[in-house]
Amino acid sequence: MTTQLLEKLISIPSFSREEAAAADYLYSRLWGESLNPHRKGNNIWCECGSGSSTVLLNAHIDTVKPCGGWTLNPFEPVLEGDKLFGLGSNDDGGSLIALLEAFKALSQKQLPYRLVFSATAEEEVSGTGGLEQLFPEIGPIDYAIIGEPTGMQMGIAERGLMVLDCTAKGIGGHAAHPDCAVNAIYKALEDIEIIRSIKFDKVSPLLGPVGINVTQINAGSAHNVIPAECSFVVDVRSNGLYSNKELLEAISGAVSCEVKARSTRLESSNIAPEHPLVQKGKALGLETFGSATLSNCAICPFPAVKIGPGNTCRSHKADEYILLSEISAAIDIYIKLLTP
């Protein structure tokens, strides 16, 4: 296995919605390897095999922006023994390389199904310009393997995501005359305490309870002005037992502030434990789990398993890295999962 492709991709900044340069390089590289790639926007895919069923392999080429604390250049790949450092190495470069290598190996076999490898954009922002763009191009898909750093264990359920923008309104005024005003911050705090205390009864065996957290708050223009408005953001993680719309209705009904959902499309996802892909993974000794983090599984209208090399705890952190041995092991597992 060569690390040259991953090292090159690390060196090309590919923040979400800014993936064009990385997509250009990958597209050219795949043509150079005679894989006959297709492209739509910053999304690339290749196909092999034939048959009435289609299996999708997917990893994403976008990254978050580097956080504080890096001791290395995030865009300069550094190989130290088995560790390859660089932004996007773990999330999601390791999965991309492993899935691509598995696809290349399987393309040399006589597959009784159609296999599609895809490298897509906008995953980190759950954008509509990513994997969803390819569904009409690829056609019906029976199931998918979504590459994400899971330690090569199988994520068979995944929490959904809904972000709420909340606005508490009061009456502005001079801080020296609080009796002539209504402080929007205090109204917001009342609603935040209500949200903090909300509990939903249904608990998923794999995903646990619904998660609700206030993550941002903003108000005020000056120290001597009582604010007329206070806004705050709520992160809601659904557990598959409530739809996002049900959660939105319940939260909105419990508070006095204005509540608006940015989107309700990112529902919790799952694949049946009895699915043949899951059963094959178990036969290989892979474990199953429910994932707290969102991936492209959320936008797949077909069964999908999240599985890939690396560790989710390394993602979005300073001095991110992937182990080359993790990638090599992942290639072998992917091939065994997909070999009839």
Side-chain angles (χ1 to χ4, degrees), residues 1-33 35 37-46 56-79 83-101 103 116-134 137 146-150 293-299 306 308-312 314-324 326-327 330:
M1 180 197 66
T2 175
T3 63
Q4 188 267 341
L5 174 57
L6 180 52
E7 291 177 356
K8 181 63 178 180
L9 289 173
I10 288 170
S11 73
I12 304 172
S14 54
F15 307 137
S16 300
R17 299 194 176 98
E18 299 176 24
E19 308 97 342
D24 289 344
Y25 178 79
L26 182 58
Y27 185 69
S28 175
R29 175 70 177 259
L30 296 182
W31 266 115
E33 296 190 25
L35 293 176
H38 307 274
R39 180 171 179 175
K40 186 173 183 180
N42 292 328
N43 305 293
I44 297 164
W45 76 100
C46 307
L56 174 70
L57 310 179
N58 175 255
H60 62 90
I61 62 173
D62 62 315
T63 73
V64 297
K65 294 184 178 181
C67 65
W70 277 79
T71 63
L72 305 168
N73 183 338
F75 307 108
E76 184 177 315
V78 174
L79 185 59
K83 287 184 178 180
L84 177 61
F85 292 89
L87 183 66
S89 56
N90 181 74
D91 185 12
D92 195 31
S95 291
L96 188 149
I97 296 302
L99 285 171
L100 176 58
E101 291 297 321
F103 173 84
V116 180
F117 164 80
S118 61
T120 55
E122 298 190 17
E123 190 274 345
E124 294 290 4
V125 293
S126 301
T128 57
L131 178 58
E132 284 173 295
Q133 293 285 308
L134 301 190
E137 308 295 328
I146 304 298
E148 289 283 347
T150 69
T293 57
L294 198 73
S295 75
N296 275 337
C297 288
I299 60 174
K306 177 164 68 176
N311 187 317
T312 187
R314 300 180 205 147
S315 301
H316 304 184
K317 293 182 72 173
D319 295 342
E320 178 184 351
Y321 69 89
I322 188 76
L323 301 181
L324 301 188
E326 292 173 326
I327 298 176

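- Here the closest heavy-atom approach between residue L100 and residue F117 is recorded as N-CE1, 3.7 Å.
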Notebook entry, point to check: Do L26 and L5 pass the side chain to side chain contact (heavy atoms under 4.5 Å, CB included) test, and can you show the C-alpha distance, the side-chain angles, and the key distance before you say yes or no?
Noted result: CA-CA 8 Å; L26 182 58; L5 174 57; 4.2 Å; yes
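- Ion pairing of R314 with E326 is present here, as a side-chain N (NZ or NE/NH1/NH2) and a carboxylate O approach within less than 4.0 Å.
- Checking side-chain atoms of N43 against main-chain N and O of G129 turns up a donor-acceptor pair under 3.5 Å.
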Check: Which is it for H60 and D91 under the side chain to side chain donor-acceptor pair (under 3.5 Å) test, yes or no, and what are the steps along the way?
Finding: CA-CA 8 Å; H60 62 90; D91 185 12; 3.0 Å; yes
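- The two residues I10 and P74 come nearest to each other via the heavy atoms CG2-O, 3.6 Å.
- To the nearest 0.5 angstrom, L134 atom CG is 6.5 Å from T120 atom OG1.
- No donor-acceptor pair closer than 3.5 Å links the side chain of T312 to the backbone N or O of T150.
- Within 6.0 Å of the NZ atom in K65, the count of heavy atoms belonging to other residues, nucleotides or ligands does not exceed 12.
- Note that the CZ atom of F85 and the CG atom of L79 stand 9.5 Å from one another [nearest 0.5 Å].
- To the nearest 0.5 Å, atoms CD (Q4) and CG (L9) are separated by 9.0 Å.
- Closest non-hydrogen pair, S295 versus K306, comes out as OG-CD, 3.6 Å.
- Within the model, atoms CD of E148 and CG of L294 stand 9.0 Å from one another, a figure rounded to the nearest 0.5 Å.
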Margin query: Before you tell me yes or no, could you show the steps for I327 and T3 under side chain to side chain contact (heavy atoms under 4.5 Å, CB included), namely the whole-Å CA-CA distance, both residues' side-chain angles and the distance that decides it to 0.1 Å?
Written below: CA-CA 10 Å; I327 298 176; T3 63; over 6 Å; no
Which pairs would a plain distance check flag for residues 14-23, meaning a side-chain donor or acceptor within less than 3.5 Å of a matching protein atom at least two apart in sequence or in another chain?
residue, atom, partner, partner atom, Å
S14, OG, I61, O, 2.9
S16, OG, D62, OD2, 2.7
E19, OE1, R17, N, 3.3
E19, OE1, N42, ND2, 3.4
E19, OE2, R17, N, 2.9
E19, OE2, E122, N, 2.9

Item checked: Residue pair I322, L6: steps toward the side chain to side chain contact (heavy atoms under 4.5 Å, CB included) verdict -> CA-CA 10 Å; I322 188 76; L6 180 52; 4.1 Å; yes
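- Between G308 and S95 the shortest heavy-atom distance is CA-OG, 3.7 Å.
- Across every non-hydrogen atom of H316 and E320, the tightest pair is N-OE1, 4.4 Å.
- A donor-acceptor contact shorter than 3.5 Å is absent between the side chain of S28 and the backbone of Y25.
- With hydrogens and angles disregarded, a donor-acceptor distance shorter than 3.5 Å links the side chain of S118 to the backbone of L57.
- Put simply, CZ on F103 and CH2 on W45 are 12.5 Å apart, with the number rounded to the nearest 0.5 Å.
- Closest approach of L87 to P66, counting heavy atoms only: CD2-CD, 3.8 Å.
- Side-chain atoms of N296 never come within 3.5 Å of backbone atoms of E123 as a donor-acceptor pair (strictly under, hydrogens ignored).
- Rounded to the nearest 0.5 angstrom, L84 CG and S89 OG are separated by 6.0 Å.
- When atom types are taken as modelled, the side chain of Q133 and the backbone of T128 share a donor-acceptor pair closer than 3.5 angstrom.
- With sequence neighbours excluded, the residues forming a salt bridge (charged side-chain N to carboxylate O under 4.0 Å, His left out) with E132 are R265, listed by chain and number.
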Item checked: Intermediate values then yes/no, side chain to side chain contact (heavy atoms under 4.5 Å, CB included), E137 and H38 -> CA-CA 10 Å; E137 308 295 328; H38 307 274; over 6 Å; no
